[in-house]
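In what follows, chains carry the letters A, B, and so on, assigned in the order in which the sequence lines appear, proteins first and then strands, with residues in each chain numbered from 1. Scope of the values below: all heavy atoms of this structure, side chains included, with no hydrogens, waters or symmetry mates.
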Amino acid sequence: MALQLYNTMSSRVEEFHPLNDSEVRMYACGPTVYDYGHIGNFRTFIAVDLLRRFLRQSGYQVRHVMNITDVDDKIIRNAARDGVSVQQYTAKYEKAFLEDAAMIGIEQPTLVRATEHIPEMAEFVTKLVERDLAYRTEDGSYYFCIAKFPRYGKLSKKDFSGMVDGARVDVDEYEKDSARDFALWKAPKPGEASWDSSIGPGRPGWHLECSVMSMGELGDSFDLHAGGEDLIFPHHENEIAQSESLTGKPFAHFWFHARFLLVEGEKMSKSLGNFFTLRDLVLKGHKPSSIRYLLTSVPYRNQLNFTLDGLKQAAVSVERLRNFRLRLTSGNFPAGSSDEMQSLARETVDRMRAALEDDLNTAQAQAAIFEMVRRANAAFDSGTVKKDDVAPLLAALGKFDEIFAVLNDDDIPKMKQVVDWAKTEDRDRDITNELREAVQSGQLSDADIEKKIAEMEGARRSRNFNVSDALRAELTTAGIVIENTKDGVRWRRK
RNA sequence: GGCGCGGUACCCAAGUGGUAAGGGAGAGGUCUGCAAAACCUUUAUGCGUCGGUUCGAUUCCGACCCGCGCCUCCA
């Protein structure tokens, strides 16, 4: 069975096969770096990350390219407002974006920046003009002529056949031939930042960069192009128009779009007070792993209702998985193996694969792993897990985490970074007690903790429970959970 | 108005023409010096409403109600 994936172009689920046997070439529309990334941005990027990880787990080499839009109207305006150069302005937010992406477990794609590909873009425009697919207006801007691409609208299923051509719209401002024609290159207005190029000074239109850079990195035709659902029109439609009309070849074969999320049941917006950047959530004390888990728990094509309560629930779910792994790695088991556990591990791996092959049904994959956890825990309790069962169970958990990436317990150092950042940005006030407490368990070293535990165990052995309880309370306050099991003491950071 | 998606238990949420995954939360229990973890039992005769097709529908069709998205640069 191969991956069944929804293709926006055909509006149906199709079997995914790359154009080259073993290599998948995919391009994802990345962020415009004018501000900190919000939770909606990251839903899309995590969906793409999940796809990338699953393709790799399925045996493909993956070439994953993502653009950084480091020039657009908003950037130019904000940079001017702050009195800094465009480069200075975007560098800060690009860095923040990459830190955030790493924080929630997104593997870094090959990055391409718009401002580093100006010459290729100018060349692209020149070719379009030579073939009479684009035109220059009096102010020095360039537009793509939609009338020259009959299949315009094929991705978004829009019908433009009724459009009146040649009727000039917005004459004063744009001088476009048709209202739907889109800007390839924008001439600078007085005082605006601009780039010199073979087609004159200005800045690239948004759509142009993605066509030029994706084809530059991956070839005229490649496997998959991804982005948020809002990009279907006009962004991706325009990319298709300019790319395919120039090369005469199909552009991307699969179009992958992640659905927008809701926050607390409503569209995320600043005015509703439900607009969260990733950093806002960490400042509230939420772990990066909780955020990633919640964002992956609903399949990418379904609307996900992101709530703060859901984040708490996600934290407990992740903890359950981590506890299970700890139980596997720290327990003592009798020699041998049990058929039940061996087949449980096998079935779980199969179920997860089948779920993900079904258009990345992450909810089903999670159900499979939890089913395994429950049944294996029950077997632990009844003593039927054997030494040779540990490896396959751990391997199944490992397969899960190759995709979901929530088990690695590095939340605390990541949260510490956000604390440090908040201080440098004068946002000390926004550091909640929840975050302070969460970071606290990072203060004690492993050796310190083990020393305390040894003391505690000594007290317990001599049945000096007042002393042991005091030590336990002290460690609990410091964010350390101690568990006394029949196989000995086990501890973890909360 | 055009095109599209969804409404499933207290919350999040998957799914199927044949009788409702999973997680969280609550309740009861087992284990435990305490705690933690874990396990067991329990919580939708019900899947927006009303009709229709069918031996049988939450699943297909229709209407309606509600929510959401795109329709020129918001992931």
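Among A:Arg327, A:Arg374, A:Arg375, the single residue meeting the salt bridge (charged side-chain N to carboxylate O under 4.0 Å, His left out) criterion with A:Asp381 is A:Arg327. A salt bridge (charged side-chain N to carboxylate O under 4.0 Å, His left out) with A:Lys186 holds for exactly one of A:Asp73, A:Asp139, A:Asp72; it is A:Asp73.
Across all strands shown, B:C31 forms no Watson-Crick or G-U wobble pair with both distances under 3.5 Å. Across every strand in view, B:G46 sits unpaired, with no contact that passes the Watson-Crick or G-U test at under 3.5 angstrom. If you check B:G6 for Watson-Crick or wobble pairing at under 3.5 angstrom, you find it paired to B:C66. Base pairing of B:A37 is not made with any nucleotide, judged by Watson-Crick or G-U wobble geometry with both donor-acceptor distances under 3.5 Å.
On a pure distance criterion of 3.5 Å, no polar donor-acceptor pair joins the side chain of A:Arg374 and the base of B:C39. For B:G23, its base sits under 3.5 Å from the side chain of A:Gln313 at one donor and acceptor pair at least.
Counting non-hydrogen atoms under 4.0 angstrom, A:Asn323 reaches the backbone sugars and phosphates but no base. At the heavy-atom level, A:Arg461 lies nowhere under 4.0 Å from the strands shown. Note on A:Arg327: only backbone sugar-phosphate atoms sit closer than 4.0 angstrom, heavy atoms only; bases stay farther off.
A:Phe404 and A:Phe400 have parallel rings, their planes meeting at less than 30° on a 0 to 90° scale where 60° marks the start of perpendicular. Ring-plane geometry between A:His225 and A:Trp255 is classed as parallel, the angle between the planes falling under 30 degrees on a 0 to 90 degree scale with a further cut at 60. Under the 30°/60° scheme for interplanar angles, the aromatic rings of A:His236 and A:His257 are found to be tilted.
Distance CZ (A:Phe370) to P (B:A38): 10 Å, rounded to an integer number of Å.
Regarding contacts with the backbone of B:G6, every side-chain N or O of A:Asn302 stays at 4.0 angstrom or more from both OP1 and OP2. At least one side-chain nitrogen or oxygen of A:Lys74 sits closer than 4.0 Å to the OP1 or OP2 atom of B:C74. The side chain of A:Asn41 contributes an N or O atom lying less than 4.0 Å from OP1 or OP2 of B:A75. Proximity of A:Asn484 to the phosphate of B:A36: no side-chain N or O atom is located under 4.0 Å from OP1 or OP2. At B:G69, one or more side-chain N or O atoms of A:Lys267 fall inside 4.0 Å of OP1 or OP2 (strictly under the cut-off).
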